[in-house]
Amino acid sequence: MVKTRRNFLLLIMLLIITVVSCFTLIQTGTLKKIEGNVSNIIKKENYNVKPKITMLINSSGENKVDGDVVLTIDATSDVKISKIEYSTDKENWLEADDLTYDKEADKYISRIIFTKNINKTVYVRAVDEYDNESYYQSTVVNIEK
């Protein structure tokens, strides 16, 4: 009898802890975050096709110039491209400021403007909504003002 009563109290305590824990997860939004992360993992596992850089135009033609250089990037993907990134070392990537979708041409367009002195190879890649990265394209930016 004592053992049954103790087991009943343990069951009640476990039930209270479970209810409080669930309430806390819901109130803090943690449950939604977990659901979103699991959903993204499932989607990413089911979709791993890389986006493609279809065009990279360097306004300087890779020549040394004394003015600004604009890189124009076109990219395509079967899913939404979330960002265009660029780097000078292929390790530290910066996000390009502008990214637009041309519905008529079914492509994403981005422009990166360099205004300060630089003489480096710049690498560019596209990243889709599932964090799949395109192969990078490169061009030389050489500004001496």
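In what follows, every heavy atom counts, from backbone to side chain, and hydrogens, waters and symmetry copies are set aside.
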> What are the two closest non-hydrogen atoms of Ala75 and Ala126, and how far apart are they?
Replying inline: CB-CB, 4.0 Å
>> I need the minimum non-hydrogen distance between Val65 and Val69, along with the two atoms involved.
In response: CG2-CG2, 3.6 Å
>> Going by side chain to side chain donor-acceptor pair (under 3.5 Å), name the residues that satisfy it together with Gln137, two or more places apart in sequence or in a different chain.
In response: none
> Relative to each other, are the rings of Tyr136 and Trp93 parallel, tilted or perpendicular (30° and 60° limits)?
Replying inline: tilted
> With Thr139, which of Leu71, Ile73, Val124 fulfils side-chain contact (heavy atoms from CB on, under 4.5 Å)?
Replying inline: Leu71
> Short question: side chain of Ser82, backbone of Val127 - any donor-acceptor pair under 3.5 Å?
Replying inline: yes
> Just wondering, do Ser134 and Lys52 contact through their side chains at under 4.5 Å, heavy atoms?
Replying inline: no
> Between CD1 of Ile113 and OG1 of Thr72, what distance do you get to the nearest 0.5 Å?
Replying inline: 8.5 Å
> Which residues pass the side-chain contact (heavy atoms from CB on, under 4.5 Å) test with Asn117, sequence neighbours left out?
Replying inline: Ile143, Lys145
>> On a heavy-atom basis, which atom in Tyr86 and which in Ile112 lie closest, and how many Å separate them?
In response: CD2-CD1, 3.5 Å
> Pairs in or reaching into residues 90-119: which pass salt bridge (charged side-chain N to carboxylate O under 4.0 Å, His left out), with residues at least two apart or in two chains?
Replying inline: Asp74-Lys107
>> Between Ser60 (side chain only) and Glu62 (backbone N and O only), is there a donor and an acceptor less than 3.5 Å apart?
In response: yes
>> Quick check against the 3.5 Å criterion: does Ser87 have a side-chain atom that pairs as donor or acceptor with the backbone of Asn92?
In response: yes
> Are any side-chain N or O atoms of Asn58 and backbone N or O atoms of Val140, one a donor and one an acceptor, separated by less than 3.5 Å?
Replying inline: yes
> Which pair of heavy atoms, one from Ser138 and one from Tyr123, lies closest together, and at what distance?
Replying inline: CB-CD2, 3.5 Å
> Is the NZ or CZ atom of Lys80 positioned over Tyr101's six-membered ring, under 6.0 angstrom from the centre and within 45° of the axis?
Replying inline: no
>> To the nearest 0.5 Å, what is the distance between CD1 on Ile16 and CG on Leu11?
In response: 10.0 Å
> side-chain contact (heavy atoms from CB on, under 4.5 Å) with Phe114: which of Asn142, Val70, Val122?
Replying inline: Val122
> CD1/Ile109 to OG1/Thr54 distance, rounded to the nearest 0.5 angstrom?
Replying inline: 9.0 Å
>> Would a single hydrophobic cluster contain both Leu94 and Leu99, if residues Ile, Leu, Val, Met, Phe, Trp and Tyr are joined by side-chain heavy-atom contacts under 4.5 Å?
In response: yes
> In Å, rounded to the nearest 0.5 Å, how long is the span from CD of Glu133 to CG of Asp128?
Replying inline: 9.5 Å
